[in-house]
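Structure first, commentary second.
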Amino acid sequence: MIVVFGMTALYIPSVETNVLDISPNHSGLIIGLMSSTSHVCGFIAPAIVGILTRSGNTIYQWRKIFWIAASLQVIGLVFFMIFGTSEVQEWTGDDNLDTELNEGKKNEYRLLSHNSK
């Protein structure tokens with residue numbers, strides 16, 4: 001369980017950073033939709049566990065639950081590895097986004113170099 005939570009600490013920053021990469025203009029909305037979806041799964045999972053363990057609480061039933069959860073994680077991983085990207089998406093709606101980001105970096109560099117003198 002400790003390892004799982006440790007891996008989650010690596011997973012969460014990468015997911016939220018990727019959302020900022022693909023659509024900086026809509027990242028709040030996308031993260032909200034992602035959180036809503038994960039919270040719905042949090043309501044559904046106990047119901048499924050209850051259905052699968054209704055006839056008793058055996059190791060075989062819990063093993064089946066573990067394999068279902070692990071399979072869903074692997075399917076999500078494979079899907080992201082095949083189709084995932086960090087490129088700004090066309091639907092983000094701002095053609096000047098790269099220019100604005102680069103200008104922001106230049107201004108930040110000027111501020112940092114000015115403060116170091």
key: From CA spacing to verdict: side-chain contact (heavy atoms from CB on, under 4.5 Å), Trp62, Leu52   = CA-CA 8 Å; Trp62 282 101; Leu52 292 174; over 6 Å; no
task = For the pair Ser23 and Ile30, evaluate side-chain contact (heavy atoms from CB on, under 4.5 Å) and give the outcome as yes or no after the intermediate values.
result = CA-CA 9 Å; Ser23 181; Ile30 296 169; 4.0 Å; yes
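Applying the side chain to side chain donor-acceptor pair (under 3.5 Å) criterion to Ser55, with sequence neighbours excluded, gives Gln61.
When hydrophobic clusters are built by joining Ile, Leu, Val, Met, Phe, Trp and Tyr residues whose side-chain heavy atoms come closer than 4.5 Å, directly or via intermediates, Leu33 is not grouped with Phe83.
In this structure, the separation between CD1 on Ile31 and CG on Asn18 is 10.0 Å, given to the nearest 0.5 Å.
Asp21 contributes no side-chain N or O that, together with a main-chain N or O of Glu87, makes up a donor-acceptor pair within less than 3.5 Å.
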For residues 64-79, please give each side-chain donor-acceptor pair under 3.5 Å, one per line with the distance, not counting sequence neighbours.
from  : atom 1 : to    : atom 2 : distance (Å)
Ser71 : OG     : Trp67 : O      : 2.6

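Taking both residues in full, the closest heavy atoms of Ser27 and Leu20 are given as OG-CD2, 3.4 Å, listed atom of the first, atom of the second, then distance.
The side-chain hydrogen bond (donor to acceptor under 3.5 Å, both in side chains) contacts involving residues 30-50 comprise nothing, where partners must be two or more places apart or lie in separate chains.
Tyr60 belongs to a hydrophobic cluster whose other members, connected by ILVMFWY side-chain contacts under 4.5 Å either directly or through intermediates, are Ile59.
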